[in-house]
Amino acid sequence: MSERKDLREFAKDLKNLIETEVERANQIASAKGLIYIRDVLEELDPDALVRKKQIRRSGLPDLPNSTSGEVVLRFAPNPNGPLTIGHSRGIVINSQFAKKYNGKVVLRFDDTDTKVKPPLIDAYEWIEEEYEWITGKRPDVVIRASERMPVYLEYAEAMIREGFGYVCKCSSLQFKKLRDAGESSPYRNRTPRENLVDWAKMIDGTMREGEGVVRVKTSMDLPNPALRDWPALRIQHNDHPVVGNKYKVWPLLDFQSAIEDHEQGVTHIIRGKDLMDSTRKQKLLYEHFGWKYPETMYWGRVKVFEFGGFSTSGMKLSILENEYTGWDDIRLPTIKSLRRRGFDSDALRDFWLDLGLSQKDISISMQTLESFNVKKIDSSTSRRTFVRNPVQINLSWSKEINDILAPLELANHPEGTVKGNRIWPIQENLDSLLIEFDDFDSNSKLRLKDFADISLIKNEGIIESLERTDKRRIIHWLLESISCKAILHIPDGNEVVSYEGLIENYNLEEGNIYQLERVGFAKIEKILKNGIVEMIWLHG
RNA sequence: GCUCGUGUGGUGUAGUUCGGCCCAUCAUGUCGCCCUCUCGAGGCGACGACCCGGGUUCAAAUCCCGGCACGAGCACCA
C-alpha cells in the first residue's frame, strides 16, 4: 500500500478481500501442501517468494542546509593536553563531512583560559600532528584563539558601545542570586559611556580579577536561567604561554567561539550536547549582531568501558605524580597511546563513522575498535613465535624420523599476504626446544605446530610422528638457537602486566607489528642494546 | 529545583523527517559448526531489541497524550 497510494481509500474493503484470499490459500495449503502453493506462486509472481531485506543507510547522514563546496566546519579543542580517543570522534566526523561536501575544516585552539585549564605549550603541535594522523591531511585552517584577541576585544567593545553588553561588577554569587530570582544586575542599565570607562579599567589591569565581567544583555525572564545575561569576558592576570601578559581580559568560550565561528564563516557546528545551552546563548548574541547562526548538530556523551573517567587535567596531574610514564602511557586513552600501541588510523575512522552521529549517551568497548583494527592490519602482519615463560623440553626421536627431519619453512602469513618464509633449521638444534609454561603438562600428548606429534613425560619428549595423526592439542614452540629474549607489556586496567619470554629472532624490526601466534598482535617498540626485544600489546 | 535532551538485542547502529515495502538493518559480542597445523583470519548458522500505558488509524518503532528511566546544562572551565 505504500506503493499504491490510490488504493488506500479502499483499505477496509481490501482487508476483507485479503482475508478471504488468505483463508482460501490456507485451505489449499492444508489440502495440497505448501509445495503446491509454492509452485502456483512460481507461476503467478516469482517475486512474492523472495523476502526482501531492508537496506541499511550507510555513511553519515546529510548535513542540513548544505551546498557542496561551501561547507565550513570546525574542530575546537582546548590545548591543555594531547587528544584523547573521545576527541578523535570530533575530528573524524567533521573531516568526513568536509570530505562529503567538499568543504573545509578549521582547527581552532580554544585557549582563552589561563587559569582553570591553562594551555600546554607542546599540545598545539601535538594536536595538529594528531589531526593529520587521524584524517590523513592537514586541517584547512589553523587558528589559535589567543592570537585573535584583538578581534574579540574589538567585538566586545562594540557590544558595549551598542548597548547590548555591559560591565557587571557583582560578585558571581551576587549575580547568581539575582539571576535565579529573575532580577537585573544593578549595573544592567548603565549607559554605554559608563560601561566603557569600566571596560578600560578591565583592559588596563586596574580592575582586579573577580571585580567585574562583561555580560551579554539577554533578558532576565528567560525561562532557562543559564541564558540570562550570560558572561562573555572576564579578568585574568595570569601569563598566557603563547602571548604572555599582554591581555588582562579574556573571553569565555561562549563569546570567543561565537565570534570566531562568524569570522571563519563556519556553516555547521557539530558539538557535544552538553553545549546545547551554549548554542542558545550564542544565538542570542548573534541576534544582537544581526548574524545568522550556523546549523548545529550534537552528539551524546561517550564512555569507553575499558577506561573509566579520564579527564585531560586529571591525566596531567597523574603524569606529574609519576603514576603514568607520560601521555603515551599504554594505559591511557590518548591518541598518543593508541598510536604507540600500533592502532591504525583507518580503523579509528571506521569505528567512529560506524557509530555516526547520535544524541544518545553511549558506552563503547575497545573490543569493537580492536575488531576494526584486526581487519585493517591482519593481512599485512607477519607471524612470529613468542614463548612466554619458556619451559625446556628434551626431545628424542627414532632413527626413522631422524632420516626425514628437514628444515621447516614457515610462511610469514598463512594466506601468503605477507610474502616469504621463515626457515627453522631443526636438525641440529632440536635438543633445545621451548614451550610455554601454560602449555606444559607433565604427562601429555601434544602437537608442535607445523612440526610433530610428541608425547611428553615431565620434560622428556618423544617424537611420535611428523605427520599429524590425531586431534591432540596444537601448541606453539621455539628453538632456543633462533630465539632472543623478549618482554611483552600488556595494559590491564590501571596495571601493566609484563611477560618475559623468547621470541623467534627472524627479521625483527623496531616499530613493526607482528602477530605472535596463539598470543595476539603486538608491536616491537625497541630492540635494546643487549638484544632484548621490548614489545607492546596491541590486541588479541 | 529550573531548563534542555535521549530511550531499538549484551554493546553500538539503520529505519522515525512524510505511518504501509519492518514477522525491524548491519556490525560487534556470545555459542556452535566448517576451513585453516595459531587462541588469528575467513565461511556458515544460532542467540538477542522497538522503555511502559493509553489514544488516533484499515495499519504505529514511526503520529498524539500521559508516565517512567537515563543523561546534560544551570562556572568569572572548555
Side-chain angles (χ1 to χ4, degrees), chain A residues 1-5 7-16 18 51-58 61 76-80 110-113 115-118 168 170-172 175-176 179-180 209-215 222-228 230-236 250 252-254 256-257 272-280 298 300-301 305 312-313 350-351 354-356 358-365 367-372 374-375 378-379 381 383 385 410 413-415 417 447-453 467-468 474-476 515-521 539-540:
Chain A
M1 225 179 278
S2 66
E3 286 167 8
R4 296 284 304 270
K5 293 200 187 334
L7 292 178
R8 285 189 187 177
E9 52 182 314
F10 308 111
K12 258 182 175 156
D13 300 331
L14 275 171
K15 197 183 169 201
N16 288 332
I18 290 164
R51 199 176 145 213
K52 275 181 272 180
K53 275 204 169 178
Q54 166 177 6
I55 304 149
R56 179 186 164 84
R57 196 208 80 226
S58 66
N78 181 341
N80 63 339
D110 281 349
D111 59 346
T112 59
D113 171 40
K115 249 184 145 159
V116 184
K117 293 176 182 169
C168 172
C170 300
S171 72
S172 57
F175 183 80
K176 185 178 161 54
R179 184 198 64 190
D180 289 347
E209 293 188 9
E211 290 182 347
V213 299
V214 176
R215 294 191 179 283
L222 251 18
N224 186 347
L227 312 184
R228 297 173 191 162
W230 53 271
L233 303 99
R234 79 322 206 174
I235 302 167
Q236 285 195 341
W250 290 89
L252 286 145
L253 169 89
D254 293 316
Q256 177 271 123
S257 170
K273 67 175 186 176
D274 51 314
L275 260 29
M276 277 180 167
D277 280 350
S278 206
T279 301
R280 296 180 187 109
Y298 305 94
R301 201 189 55 165
F305 275 133
T312 303
S313 24
D350 289 352
F351 172 72
D354 185 59
L355 297 199
S358 97
Q359 292 192 28
K360 267 199 291 188
D361 297 323
I362 54 173
S363 290
I364 53 167
S365 164
Q367 269 189 18
T368 313
L369 211 209
E370 289 169 1
S371 158
F372 277 107
V374 170
K375 289 187 177 72
D378 180 76
S379 62
T381 304
R383 270 53 180 165
T385 296
L410 304 174
H413 190 286
E415 275 86 45
T417 50
R447 170 74 186 172
L448 300 180
K449 185 173 182 295
D450 297 307
F451 177 47
D453 284 358
E467 296 303 309
R468 178 136 210 220
I474 297 172
I475 64 165
H476 65 290
Q515 195 211 50
L516 308 174
E517 292 199 358
R518 299 215 314 133
V519 179
F521 293 83
H539 46 65

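To find a chain, count down the sequence lines: A is the first, B the second, and so on, and within it residues start at 1.
- Of the side-chain N and O atoms in A/T112, one or more sit less than 4.0 angstrom from OP1 or OP2 of B/A78.
- Rounded to whole Å, the distance from CD on A/E370 to P on B/C39 is 19 Å.
- Side-chain atoms of A/R215 never come within 3.5 Å of backbone atoms of A/A232 as a donor-acceptor pair (strictly under, hydrogens ignored).
- As a whole-Å value, the separation of A/K117 NZ from B/A75 P is 15 Å.
- Side-chain N/O atoms of A/R56 and base N/O atoms of B/U25 include a donor-acceptor pair closer than 3.5 Å.
- Partners of A/Y298 by ring pair (Phe, Tyr, Trp, His ring centres under 6.0 Å), not counting sequence neighbours: none found.
- A salt bridge does not link A/R468 with A/D450: none of the charged nitrogens is closer than 4.0 Å to a carboxylate oxygen.
- Distance A/I474 CD1 to B/C37 C1': 4 Å, rounded to the nearest Å.
- Under 4.0 angstrom from either OP1 or OP2 of B/C70 there lies no side-chain N or O belonging to A/K360.
- Residues A/L410 and A/R383 form no side-chain contact, since every pair of their non-hydrogen atoms from C-beta on lies 4.5 Å or further apart.
- Comparing B/C47 with B/C68, their C1' atoms sit 29 Å apart, to the nearest whole Å.
- With respect to the salt-bridge test (charged N to carboxylate O, under 4.0 angstrom), the residues A/D254 and A/R280 do not qualify.
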Table of protein N/O atoms under 3.5 Å from nucleotides 71-74 of chain B N/O atoms:
from	atom 1	to	atom 2	distance (Å)
B/G71	O4'	A/D361	OD2	3.4
B/G71	O2'	A/D361	OD2	2.5
B/A72	OP1	A/R301	NH1	3.3
B/G73	O2'	A/D277	OD2	2.9
B/C74	O3'	A/R179	NH1	3.3
B/C74	O2'	A/R179	NH1	3.4
B/C74	O2'	A/R179	NH2	2.8

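- The ring pair (Phe, Tyr, Trp, His ring centres under 6.0 Å) search around A/H413 returns none, not counting sequence neighbours.
- Heavy-atom contacts from other residues, nucleotides or ligands closer than 6.0 Å to CD1 of A/I18 number more than 12.
- Here A/K449 does not reach the OP1 or OP2 of B/C39: none of its side-chain N or O atoms lies under 4.0 Å away.
- Here, B/C18 and B/U6 have their C1' atoms 22 Å apart, quoted to the whole Å.
- Stem regions for RNA chain B, each three or more consecutive Watson-Crick or G-U pairs with both distances under 3.5 Å and listed by first number, read B:1-7 with B:68-74, B:10-12 with B:26-28, B:29-34 with B:42-47, B:51-55 with B:63-67.
- With rounding to the nearest 0.5 angstrom, the CG atom of A/L355 is 4.5 Å from the CD1 atom of A/I362.
- Checking the phosphate oxygens (OP1, OP2) of B/A78, no side-chain nitrogen or oxygen of A/S257 falls inside 4.0 Å.
- Rounded to a whole angstrom, the distance from the C1' atom of B/C39 to that of B/C31 is 16 Å.
- Comparing the C1' positions of B/A78 and B/G42 gives a spacing of 46 Å, expressed to the nearest Å.
- B/U30 and B/G67 have their P atoms separated by 42 Å, with the value rounded to a whole Å.
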Contact string for nucleotides 40-50 of chain B, one letter per nucleotide 5' to 3', B = base within protein heavy-atom range under 4.0 Å, S = sugar-phosphate only, - = neither, reads BBS--------
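- Spacing between B/U8 and B/C51 at atom P, rounded to whole Å, works out to 6 Å.
- In this structure, A/K12 reaches the B/C58 phosphate: one of its side-chain N or O atoms is under 4.0 Å from OP1 or OP2.
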What nitrogen or oxygen pairs link the protein and nucleotides 15-17 of chain B at under 3.5 Å?
from	atom 1	to	atom 2	distance (Å)
B/G15	OP1	A/R57	NH1	2.8
B/G15	OP2	A/R57	NH1	3.4

